[in-house]
Amino acid sequence: MSFSRSTAFRHRAAPALKSAAKFIIINAVTYGPAGVTGWAVKSVARRPIRLLLAVALEPLLKRVMNRVASRFIRENDEKTAN
């Protein structure tokens with residue numbers, strides 16, 4: 001009896017967990033690079049290095065995060081190569 005309850009719970013909870021995971025990944029990709037860049041800029045004392053970090057680090061981190069997230073989030077109509 002408990003097996004069927006846990007299985008039913010898992011089947012009902014799976015779509016909600018999948019949506020929550022997508023939400024977390026999308027927010028990490030959107031806000032993560034700016035947060036890391038802000039922390040790095042605040043941590044550096046010299047002004048020229050700060051400016052270089054502010055200009056270069058966020059786009060670089062955004063690209064990296066997009067690549068990582070693209071492995072986990074696939075569109076419904078997207079097919080993977082076999």
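None of the values given here were measured: they were computed from a predicted structure. We number each residue from 1, following the sequence as shown.
- Connection of Met65 to Leu60 is not established within any shared hydrophobic cluster, with ILVMFWY side chains joined at heavy-atom distances below 4.5 Å, either directly or through further cluster members.
- Partners of Arg50 according to the side-chain contact (heavy atoms from CB on, under 4.5 Å) rule, which considers only residues two or more places apart in sequence or in another chain, are Val41, Val44.
- Within the model, atoms CG of Asn66 and CG of Leu61 stand 11.0 Å from one another, a figure rounded to the nearest 0.5 Å.
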